[in-house]
Asker: 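To start, I am sharing the structure in question, which I have written as structure tokens.
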Amino acid sequence: MDKNELLKIAKKARERAYAPYSDFRVGAALLCDDGEVYTGCNVENVSFSPTCCAERTAIFKAISDGKRKFSAIAIVGGKNDLDINIPCYPCGVCRQVISEFCDDDFLVITKNGETAESTAFSDILPKRFKINN
Ligand code: THU
């Protein structure tokens, strides 16, 4: 799937974000190896720590539907419609969760102005933790 198309789906998913505390709304679109796309948004909580990021929402939806192989995730985040052109990369917790299910060449796609900026997963989480490697 085209990177800009995946970003468009993430932007649409951002509309469903529940972010009354930070007002920072995020949408994610996760591309499975079989071509299916799972979306997610951030879901905040008054107690703050139970908040779930958009990326993890998408991953958990896909995993619980039986998907295990992914090739890319597009992320769109920001407080308003201008901010969403600033690249939004996954937080450390989401990087670790994504790491469980992706290869080094998994692509993280975000907006940089009107450009689709894409980065290999191994560049955003180098030397990732593995058992018995
Ligand atoms: N957030 C995400 O959804 N994804 C990220 O990669 C970073 C942060 C959310 C969590 C919280 O609801 C809001 O953005 C502000 O941190």
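For ligands, and for the atoms within them, numbers begin at 1 and follow the listed sequence.
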Asker: Do any pairs count as a ring pair (Phe, Tyr, Trp, His ring centres under 6.0 Å) and have a residue in residues 79-125, sequence neighbours left out, and if so which ones?
Answerer: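 Listed once each, the pairs would be none.
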Asker: Report all protein residues having a heavy-atom distance below 4.0 Å to some atom of ligand 1; order the list by chain, then number.
Answerer: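 Lining ligand 1: Ser22, Phe24, Val26, Asn42, Glu44, Thr51, Cys53, Ala54, Glu55, Tyr89, Pro90, Cys91.
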Asker: Check Arg95 against Ile124 and note the closest heavy-atom contact, atom names and distance.
Answerer: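 In terms of heavy atoms, the two residues are closest at NH1-O, 2.9 Å.
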Asker: By the rule that ILVMFWY residues connect when side-chain heavy atoms come within less than 4.5 angstrom, directly or transitively, which residues belong alongside Leu31?
Answerer: Met1, Leu6, Leu7, Ile9, Val37, Val76, Ile84, Leu107, Ile109
Asker: Walk me through it: do Glu44 and Asn42 pass the test side-chain contact (heavy atoms from CB on, under 4.5 Å)?
Answerer: CA-CA 6 Å; Glu44 297 189 342; Asn42 52 333; 4.0 Å; yes
Asker: Could you give all pairs that pass the ring pair (Phe, Tyr, Trp, His ring centres under 6.0 Å) test and reach residues 10-57, with sequence neighbours left out?
Answerer: Tyr21-Phe48
Asker: Which heavy atom of Arg25 sits nearest to which heavy atom of Arg14, and what is that distance?
Answerer: O-NE, 2.9 Å
